[in-house]
Each structure stands twice: as C-alpha cells, then as structure tokens.
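All values derive from a computational prediction rather than experimental measurement. In what follows, every chain begins at residue 1, and chains take the letters A, B, ... in the order their sequences are listed.
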Amino acid sequence: MPELPEVETVARQLKPEILNKVIKKAIIHDTKLIRLNVDKIENTKIADVYRLGKWIVIDLVNTENGKKQFLCVHLRMTGRLLVKEFDHANMKHLRVEFQLDEGQFYFQDVRRFGVIELLDSLDSVQPKGIDPLSCELDSKRLHNMMAGTRQNIKTWLLRQDKLVGLGNIYASEILYAAKVNPQKQAGDISYNEAKSIFTHTRNILKKSIKNCGTTFSDFQNAKGETGEYQKYLKVYKREGENCRVCGTTILRIVQQQRSTFYCPNCQK
DNA sequence: CTTTCAGCCTGGGCGC
DNA sequence: TGCGCCCAGGCTGAAA
C-alpha cells in the first residue's frame with residue numbers, strides 16, 4: 001500500500017520526467033473525480049514535484065498569467081501515477097490522462113479511493129503531523145507526543161495527525177524491529193522504547209526508499225515497476241511462519257479494523 | 001476532549 | 001463453472 005516510501009519513490013521518479021513541461025490538456029475518464037477542474041489546468045508549466053505527507057504535489061504556473069496552482073494526488077490504496085508509454089487498449093482503470101507539450105502522464109486507480117485535485121493553496125493537504133524523516137523529530141519529542149494517550153502503540157503510529165506517512169505495513173515492521181508489543185498503550189512507552197521506535201522508523205523508511213518501496217499486489221512506481229522492500233519484511237503478512245530471530249510463530253491480530261503482525265516472544 | 005468504528009471501492013481467493 | 005462471502009487498508013465523519 002502506498003505509504004511514505006512508496007509516495008516518495010513516485011515523486012522522485014516523476015519529477016525528472018515531467019519537470020518544466022507544460023500541461024496542454026487533461027482528460028477525465030472517471031466522473032467521480034469532479035474536484036479536478038480540467039479547464040484551469042490547461043497551459044500550466046510544471047515547476048516542481050515533491051511529497052507532502054502521503055500527498056504527491058505538482059507545482060504549476062500558468063504560462064499566460066503566472067498564476068500558481070497545485071495538482072495534488074493521494075494514491076490511497078491502489079492509485080498510480082505513471083509516465084511510461086501505454087497501450088491504451090490494455091489500460092484498465094485509467095482515471096485521468098495529462099497530455100504534455102512533450103509526452104504525457106496518467107492517473108490509474110483500480111479501487112477509486114485515490115484523490116486527485118487542483119488547488120490554489122496547499123492548506124487542505126498540509127500535514128498536521130510531523131514527517132518522520134524531518135530533522136525536527138527526535139526520540140525525546142516522539143516520547144513526549146505519546147504521553148497520556150491510551151491508544152495502543154500500533155494504532156498510534158498510524159495516526160497522521162501525529163506522524164505523517166506510516167501505514168499498516170511499516171507500523172508492524174517498525175514495532176518488530178523495536179521489540180515493542182503492538183498492544184502496549186502509547187502512553188506506557190518508555191523513553192528507551194521511544195528511542196528504539198524512532199531509530200528503527202528512520203532506518204526502515206530510508207531502506208525502503210532505497211529499494212523503491214514495497215509491492216504486495218498493487219503498488220507500482222512512476223515507471224510501472226514494482227518495489228523491492230517486500231524482500232526485507234520481517235512480520236507483515238507472515239502469520240503462521242517462524243520469527244527469523246527466535247523461531248516463534250508470527251501472530252496476526254486485529255487492531256482498529258486493521259491486521260497487525262508480530263512476534264509474541266520478541267515483542268513483549 | 002479522546003477514542004472507536006462503519007463506509008467508501010474493487011478484484012482476488014476460497015468454500016461449496 | 002459460478003455464486004456468495006470475506007479480505008486487503010488510508011482516510012473521513014459521525015457516534016460514543
């Protein structure tokens with residue numbers, strides 16, 4: 001599922017392919033995407049491409065009047081932003097195509113959870129939480145943020161108003177690496193545990209970005225390729241298999257309507 | 001204020 | 001072969 005490393009991968013790959021090109025036309029194939037105002041996007045030059053939380057932001061400048069706009073894309077579950085050439089006949093679930101002065105890019109989404117909209121301001125997509133890769137975050141701040149909350153730590157890690165960018169895969173992987181039981185209350189996390197969670201969050205996200213993210217079934221990067229980080233997953237989707245450290249059977253539990261995978265021996 | 005939870009959406013996999 | 005059912009999960013908005 002697109003979490004921080006997958007979104008970062010798409011933004012990084014997309015940028016050199018479309019930077020400084022001009023959007024000539026957008027064709028919407030899915031009427032659910034009414035928030036995208038097609039007329040206003042014509043003749044806008046792509047000034048930048050980057051990640052903001054789990055959003056991909058494309059800065060646009062109108063070539064006629066200089067007006068700035070932001071094309072914001074949230075992949076949610078199955079969304080893809082693709083720049084590769086397409087055989088249109090085989091292009092299932094194509095939602096929007098953007099025709100450039102040179103080439104094109106596409107938004108494809110099987111399950112239609114994805115969001116794509118043209119905004120005058122970034123206010124509505126500005127993350128409330130802190131980016132885990134930001135230099136503003138450290139162990140002490142993370143520990144302070146958890147103080148007083150009764151939610152379990154796994155659910156807390158998914159809160160985008162606290163940390164931006166973690167999803168179900170990395171939350172399980174981080175807690176396994178940090179040897180913290182996912183059912184523990186966030187408010188009961190010790191400083192040393194918070195420190196371990198902080199360190200492993202950074203390391204896991206960075207390693208996943210290096211490997212172009214995780215692909216379980218749907219994720220593809222901007223060039224239509226899968227990620228590689230699934231090779232390194234220790235607990236996610238490994239229910240019933242053995243822990244690679246101690247051999248104990250990996251468990252699956254449900255927290256907040258979401259699967260959590262963990263080793264009951266390593267994570268006490 | 002905090003925390004919980006149904007619903008959105010589709011395709012794949014399973015049991016019968 | 002096909003039908004019904006369950007599962008995957010990021011996020012919103014309403015309820016508790």
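- Looking at every heavy atom in both residues, A:Leu251 comes nearest to A:Pro264 through CD1-CG, 3.8 Å.
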Report each atom pair, protein N/O against N/O of nucleotides 13-16 of chain C, whose distance is under 3.5 angstrom.
none

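- One finds a side-chain N or O of A:His74 lying less than 4.0 angstrom from the OP1 or OP2 phosphate oxygen of C:dC11.
- Rounding to whole angstrom units, CZ of residue A:Arg51 and C1' of C:dG10 are separated by 15 Å.
- How far CD1 of A:Ile169 is from NZ of A:Lys237: 7.5 Å, rounded to the nearest 0.5 Å.
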Provide a list of protein-nucleic acid N or O atom pairs under 3.5 angstrom, restricted to nucleotides 8-11 of chain B.
from: B:dC9; atom 1: O2; to: A:Arg111; atom 2: NE; distance (Å): 2.8
from: B:dC9; atom 1: O2; to: A:Arg111; atom 2: NH2; distance (Å): 3.2
from: B:dT10; atom 1: OP1; to: A:Arg112; atom 2: NH1; distance (Å): 2.8
from: B:dT10; atom 1: O2; to: A:Arg111; atom 2: NE; distance (Å): 3.4

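- Looking at residues two or more places apart in sequence or on another chain, you find no side-chain hydrogen bond (donor to acceptor under 3.5 Å, both in side chains) involving A:Glu239.
- Contact annotation: A:Gln160 side-chain N/O to C:dG10 OP1/OP2 distance is not under 4.0 Å.
- Here the P atom of nucleotide C:dC11 and the CG atom of A:Asp109 are 13 Å apart, to the nearest Å.
- In this entry the distance linking CG of A:Leu4 with P of C:dG10 reads 13 Å, nearest Å.
- Only one option out of A:Glu17, A:Gln13, A:Gln104 pairs with A:Val83 in a side chain to side chain contact (heavy atoms under 4.5 Å, CB included); it is A:Glu17.
- Closest heavy-atom contact between A:Val235 and A:Glu173: N-OE2, 2.9 Å.
- Taking Ile, Leu, Val, Met, Phe, Trp and Tyr as members and joining any whose side-chain heavy atoms lie under 4.5 Å apart, directly or through other members, the hydrophobic cluster of A:Trp55 also contains A:Tyr50, A:Leu52, A:Val57, A:Phe70, A:Val115, A:Leu119, A:Leu122, A:Val125.
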Each nucleotide N or O in nucleotides 2-5 of chain B that has a protein N or O under 3.5 Å away: list the pair and distance.
from: B:dT3; atom 1: OP1; to: A:Thr149; atom 2: OG1; distance (Å): 3.1
from: B:dT3; atom 1: OP1; to: A:Arg150; atom 2: N; distance (Å): 2.7
from: B:dT3; atom 1: OP2; to: A:Thr149; atom 2: OG1; distance (Å): 3.3

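- The closest side-chain donor-acceptor pair between A:Lys184 and A:Asn152, if any, does not fall under 3.5 angstrom.
- Applying the 6.0 Å contact sphere to CD of A:Glu102 captures no more than 12 heavy atoms from other residues, nucleotides or ligands.
- A:Asp218 and A:Arg111 are not joined by a salt bridge, as no carboxylate oxygen comes within less than 4.0 angstrom of a charged side-chain nitrogen.
- Every pair passing ring pair (Phe, Tyr, Trp, His ring centres under 6.0 Å) that includes a residue from residues 246-268 of chain A is listed here, sequence neighbours excluded: A:Tyr236-A:Phe261.
- Pairing each heavy atom of A:Ser190 with each of A:His143, the nearest pair is C-NE2, 3.4 Å.
- The separation between A:Met77 atom CE and B:dG7 atom P is 18 Å, rounded to whole Å.
- In this structure, A:Ile169 atom CD1 and C:dA8 atom C1' are separated by 10 Å, rounded to whole Å.
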